[in-house]
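These numbers were taken from a predicted model, which means no experiment stands behind them.
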Amino acid sequence: MRRALFPGSFDPITNGHYDIIKRGVKLFDEVVVAIGVNSSKKYMFSLEERKQFIEVAFKDEPKIKVVTYKGLTVDFCKEIEADFILRGLRNPADFEFEKAIAHTNRKLSTIETVFLLTAARTSFISSSIVRDVIKNNGDYTKLVPKSVRVK
């Protein structure tokens, strides 16, 4: 089984994340969307909300599993027997940042990182931009899957 882990905080999941996950399903037998738990980080949405947003967005996709985890991503990959980490790249800055992480992960394990370029129509979207739009009462619905709703 070719299992890939797609890690992130997903605060919230964006249309860019959604696109990478949907495309990843075509490459792997299973994509595990893993929400990292970082107790020192302040989130806009609770862990339960973020998990539900993703689960609802992919409710009809049996090859996608949504989990939470703590600690090093490579350790979690070993725990769930994932041989790949899936990551999306929006721009050159993303590439430089992700490249350093991928090299570190390869030093710590045998995990391969697979990069997919974001679609042009979603390449400008980030969770931080979405949070800013939400905080300022803007129309965030064009930037996220329908499952993401602010109360």
Under 3.5 Å, side chain of [X] to main-chain N/O of [Y], donor-acceptor pair present?
{"X": "His103", "Y": "Ala100", "value": "no"}
{"X": "Tyr140", "Y": "Val150", "value": "yes"}
{"X": "Arg131", "Y": "Pro12", "value": "no"}
{"X": "Glu98", "Y": "Phe95", "value": "no"}
{"X": "Arg2", "Y": "Leu27", "value": "yes"}
{"X": "Asp11", "Y": "Ser127", "value": "no"}
{"X": "Arg87", "Y": "Leu116", "value": "no"}
{"X": "Asn136", "Y": "Gly138", "value": "no"}

Query raised in the report: How far does CD of Glu112 sit from CG of Leu86, to the nearest 0.5 angstrom?
Result: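 The CD atom of Glu112 sits 13.0 Å away from the CG atom of Leu86.
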Query raised in the report: Does Tyr43 have Arg50 sitting over its ring (NZ/CZ under 6.0 Å from centre, angle to axis within 45°)?
Result: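 Yes.
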Requested in this report: Just say parallel, tilted or perpendicular for the rings of Phe58 and Tyr18, cut-offs at 30° and 60°.
Outcome: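 Aromatic pair Phe58/Tyr18 classed parallel.
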Requested in this report: Please check if the distance between the ring centroids of Phe10 and Phe53 is under 6.0 Å.
Outcome: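 No; Phe53 has its ring centre 6.0 Å or more from that of Phe10.
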Query raised in the report: Which atom pair, heavy atoms only, marks the closest approach of Ile13 to Val144?
Result: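 Nearest pair, atom of Ile13 first, then Val144: O-CG1, 3.4 Å.
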Query raised in the report: Are a donor atom and an acceptor atom from the side chains of Ser40 and Asn38 found within less than 3.5 Å of each other?
Result: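 Ser40 vs Asn38: donor-acceptor pair found between side chains.
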Requested in this report: Please determine which of Lys22, His17, Arg23 meets the side-chain hydrogen bond (donor to acceptor under 3.5 Å, both in side chains) test together with Asp19.
Outcome: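 One option only clears the test, and that one is Arg23.
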